[in-house]
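One structure is given here, and the rest of the page talks about it.
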Amino acid sequence: MKPEPVRPETESVGEASGETPRADSAATQDAPAGNAPTERWTVDGIEDTPAGPVARLERPDGRTVLRPLPDLPPGLREGDLLAVTDGPDGVSLQRLPEETAARRRAAQTALDTLNAADRAALPLNDDGEITL
């Protein structure tokens, strides 16, 4: 699947500088030879605004960037991971469904572990109700 280009006028909606955010060297992963390093951004939320729907994207450094939803890959959901690559034609964004699924599975496993530990610590009677 080919990354979808993002128009320069949609860059960093909500950031005062108007400059395209660059990949931080500590937060980048190697892309195939000939391509710029790729960052992984997380879709933190999707909101309706007076200017239209936007996605709030969280960068690896914790900063967030707002992007118009129509300029992002179709089918985007909260929690999805995006590969963000800065190339000669501008910034391109691509959904990463396999990495997103792996991250969701890991989060669910962690939640299940926490819930099991909390349940074991509770004083329950024979009916499974908490005794006070």
* To do: Salt-bridge test for Asp80 and Arg104: reply yes if a basic N is under 4.0 Å from a carboxylate O, no otherwise.
  => yes
* Check the hydrophobic clustering (I, L, V, M, F, W, Y; side-chain heavy atoms under 4.5 Å; chains of links allowed) and say if Val91 and Leu81 are grouped together. => no
* Structure fact -> dist Leu72:CG -> Leu57:CG (nearest 0.5 Å) comes out at 6.0 Å
* To do: May I ask whether Leu96 and Leu76 are part of the same hydrophobic cluster, defined by side-chain heavy atoms of I, L, V, M, F, W, Y residues being less than 4.5 angstrom apart, directly or through others?
  => no
* Taking every non-hydrogen atom, the tightest pair across Arg95 and Pro73 -> CG-CB, 3.7 Å
* What are the two closest non-hydrogen atoms of Pro70 and Pro53, and how far apart are they? -> CD-O, 4.0 Å
* Asked: After noting the C-alpha distance and the side-chain angles of Arg77 and Thr100, does the key distance pass the side-chain hydrogen bond (donor to acceptor under 3.5 Å, both in side chains) rule?
  -> CA-CA 10 Å; Arg77 296 182 4 195; Thr100 298; over 6 Å; no
* Asked: Hey, any chance Leu69 and Leu93 share a hydrophobic cluster, counting ILVMFWY side chains that come within less than 4.5 Å of each other, even indirectly?
  -> yes
* Which heavy atom in Arg40 sits nearest to a heavy atom in Pro60, and how many Å separate them? -> O-CG, 3.5 Å
* To do: To the nearest 0.5 Å, tell me how far Leu82 CG sits from Arg67 CZ.
  => 9.5 Å
* Structure fact -> Output for pair (Thr42 OG1, Arg103 CZ), nearest 0.5 Å, gives 4.0 Å
* Asked: Quick check: does any side chain N or O of Asp127 sit under 3.5 Å from a backbone N or O of Glu129, one acting as donor and the other as acceptor?
  -> no
